[in-house]
Each structure stands twice: as C-alpha cells, then as structure tokens.
Amino acid sequence: MIELKNVYFKYNNNELLKDITFKVKEKEKVVLLGINGSGKSTLLKIINGLLFPQKGKYFYKGVEINKKQLKNKEFNRKFRKEVVFLFQNPDSMIFNPTVYDEIAFGLRQLGDKKEDIDEKVKYWADKLGVYKYLNEPPFNLSGGEKQKVCLAALLILEPEVLLLDEPTANLDPKTTGWLIDFLYELNLTTIITTHNLSLSLELGDRGLVLSEDHQIIYDGNLEEFIKDIEMLKKAGLVHIHRHRHGKLEHRHYHTHDF
Amino acid sequence: MKEKILFAFYIIGVIFLTSIHNVYFFIGSIVILFILSGRQFSKIVKKTLKAILIFNSFITISYIGYAIYKDISWIDYILLINLRVFSITFLTFLFISKVNLFKALSFSKTLSYILVLSYTQILTFKKYLEDFKFALESRLLNKPKLSDSYNFVSSMFFYFFNKSINNSKEISQGMKSRGFFND
C-alpha cells in the first residue's frame, strides 16, 4: 500500500532523512520510533504528500506521489480522503467556528448531502465523546478534547491510512489510555510516531526505528527491538544516570517513559 | 568588532533614509544597496517586495483616493514614501543577511537578551505557521471556499495573538524570577 524507496530529504542544509526504504501493507499498524529531531514528523509529512523527497521515490497504491501527481485534482481528492494526518498540535488543524463544522468540513468539501453529513457528524462526535460540544467553538476545548475533535474530523472521511504524529505527547494519562484503546479498535493502516518505548508496544506490532543519523536502523517486531539494548543505545532511546536504591548507588541504561 | 561597525553603519543608514526627503537620494541609495547585495540581489528584492506589498498598496491606494477627493497632488508623496519603505526594508534584509546579529548586539546585555527572546519566538512561530499551512493542505479535498479561507486566516490570527500574549507573560515571569527586574 505504501512504499518508500531510498528517500532522502534535506531542509535548510540539514539532512533529515537518508536512504529511507520500507513498505507498509494494508491494515498494518506501524510505530515509528526515534528521538526528537530524527526525522519522524518529516517522514509522516512525506507520506501525507505535504513534502516531497529530493531523492528516492514514494508510492501510494503503486502511484508515485509527487507534486505533479497531486496537482491532478481528482487524484488529490482521492489521496487526501484516503490518507489523513493528525498533527501533534491539534490547534494547527482547527479553524471552523463550531465543533460541528470542524467535523463536517471534509464531507462538505466532498459535497455530501446535508442529512448524511449530519448523521455522520453526530455518530463520530458521539464515538469520540465530543457530542456535547457540537455547538461550541473548538478553540476553547482542552488539548485532549481538541485532539478528539480532530480525530473525528479525519475519521468521518473513512480514510484507509491514518498518520499520527506523537498523538500522546500532550495528553494526560487518562486520555492516553482512552486513545490507545480507540486506536487498537480502528481497522485501518496506521503509522504512529513516538519516542515513548513502553507506549509503542500498545500502538502497534511493527517498529520502524530512525537513528540520530536519520536512517532506518530497525524494521521488525517491536518487542524484540525493545529487548535489544545495543539497538536501543544506537537509536538513543535509552539513557544512563546514577540510580539510588536505598544505600546502593549504581549506573545502567534504562528508560523512564511510563 | 566588524559586526558592531556594520551595525553602526546600519543605524546611520536608517537615520538618513528616514530624515532625507529627496526622491533622487532614494534612487541613488537603492542603486548602491543593489550593488552591495551582490549575488543575493534577487532573493532580497523578492523578500522586500513580499514584506511591503500589502501595507504599501493599502497606504498608496488610500492616499491616492484621498488626494483625488481633496484635489491635491499625490505623485511626489507616493513615490517618496514607497521608495523610503523599500530602501529601509531592503537595507534591513541586506544587513541581516550579511551580519551575525548576536555578535552585532553583543555590546549590550539587554539588547542581546531581547534578541535571543525575539529569535526563539520567531523560530517557534515559524514552525507553528508551517504546521498550520500543512494541516490545511492535508485537509483540503477541493479548492477552499472563501468562507473557509476566512475561517482559517482568522483562527490562525487569534491563535498567534493569544500565543504571543501567553508567551510574553511567561517570558516576563521568567525574567522576573531570574532577577532581571523587580516591580
């Protein structure tokens, strides 16, 4: 469904992605791991057709995604409906006067009937627990609620691929738990970025790991990756500092992410 | 030292460009600035035009309308104000492209702090602005309606407005906490 071949991307003389090659099958749940600045968000933006590789190629369902391809209005509409992206900061996605309008935005663009839109908006608002806010402006909601509104606005399009950039970064533990369960039940292809190791196991089975050097250093079973201390060190996903257990003090690599 | 000298020249340049009211002086200054910009000429010209276009067009059109209504001459004034704004903006972009601002302002602690604070704000806002644009592009299935564009621009404006207020409150609390001022 998704295929990247030797993708390279540079921004302001900084190399952000180097020689990225992988495939993602339909309905696969992939977790993209890497430290801050490793290129995770850039990679998602390439998969969403917002940025384009300077070298290498990206294919979605066998079609190469580039500027020219997305200028084709019909293809662009199909692609934007099928591949959706939840940004890390939900504020950047919200611009409609009410939560209802925000969720209905995509279907209105497609020119769906008013009654169908109404039914679907209410369904998704209810499913995501934001029904009571439908007539309120989305700007005043909390971060977690805004994220739910954004998710509803994306899922109402019945996409095939859901890209999520650090979806738990701004959530409290309760909402994080809710989101994990919600994503688990979604029957679509998901690619989720995080640098939280323990959480990654809850978000998918396959891990793609970006190194500090912006290359993929691991592609495979997440549980095995997390057991591999050498690989974790290479990815910069573990740290070392002094530990105190009563009177005993020692140093070793470990995580503190949950 | 070089940066500080260039900064002094920049300030003198701005003073000249704001206090002299002669069209030929501005034409001459712009030609000199173009020569000084060298290879970066087209890049800085584009940046300058982009920066002043909306504001200057608004001022120019409003003034022409007013002058026609009052039956007064407008050519000299419009030419002067546009050349003045263009030359000062061009000079500023040229200065920024050639000089490390942090070194240029290192003679004053206060100015250095203000620069660091402003710079971090600019970088943060630049990232947010990019995300806003990408998020809209990602959600657009068709060309946006006029009302959608209006909603997008206004929500972005309020977001940045509120963010600026919150950030400035936090920064001033941070500075107070570190003993920069006490009132």
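Keep in mind that the numbers below use all heavy atoms, side chains included, and drop hydrogens, waters and symmetry copies. Convention: sequence-line order gives letters A, B, ...; per-chain numbering from 1. These numbers come from a predicted model, not from an experiment.
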Is it the case that over 12 heavy atoms from other parts of the model lie below 6.0 angstrom from the [atom1] atom of [X]?
X         : atom1 : value
Lys81(A)  : NZ    : yes
Glu119(A) : CD    : no
Lys23(A)  : NZ    : no
Tyr66(B)  : OH    : no
Phe25(B)  : CZ    : yes

Anything in [range] with a heavy-atom distance to chain A below 4.5 Å? Please list those residues in order.
range                       : value
residues 38-65 of chain B   : none
residues 119-140 of chain B : Lys126(B), Tyr128(B), Glu130(B), Asp131(B), Phe132(B), Phe134(B), Ala135(B), Leu136(B), Glu137(B), Ser138(B), Arg139(B), Leu140(B)
residues 147-174 of chain B : Asp148(B), Asn151(B), Phe152(B), Ser155(B), Tyr159(B)

Nearest-0.5 Å distance, CZ of residue Arg80(A) to CG of residue Leu141(B):
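Output value for this atom pair is 9.0 Å.
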Proximity of residues 58-79 of chain A to chain B, residues having a non-hydrogen atom under 4.5 angstrom:
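Result: Asn76(A), Arg77(A).
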[X] versus chain B, the contacting section by heavy-atom distance below 4.5 Å:
X         : result
Asp91(A)  : both
Leu157(A) : side chain
Phe87(A)  : side chain

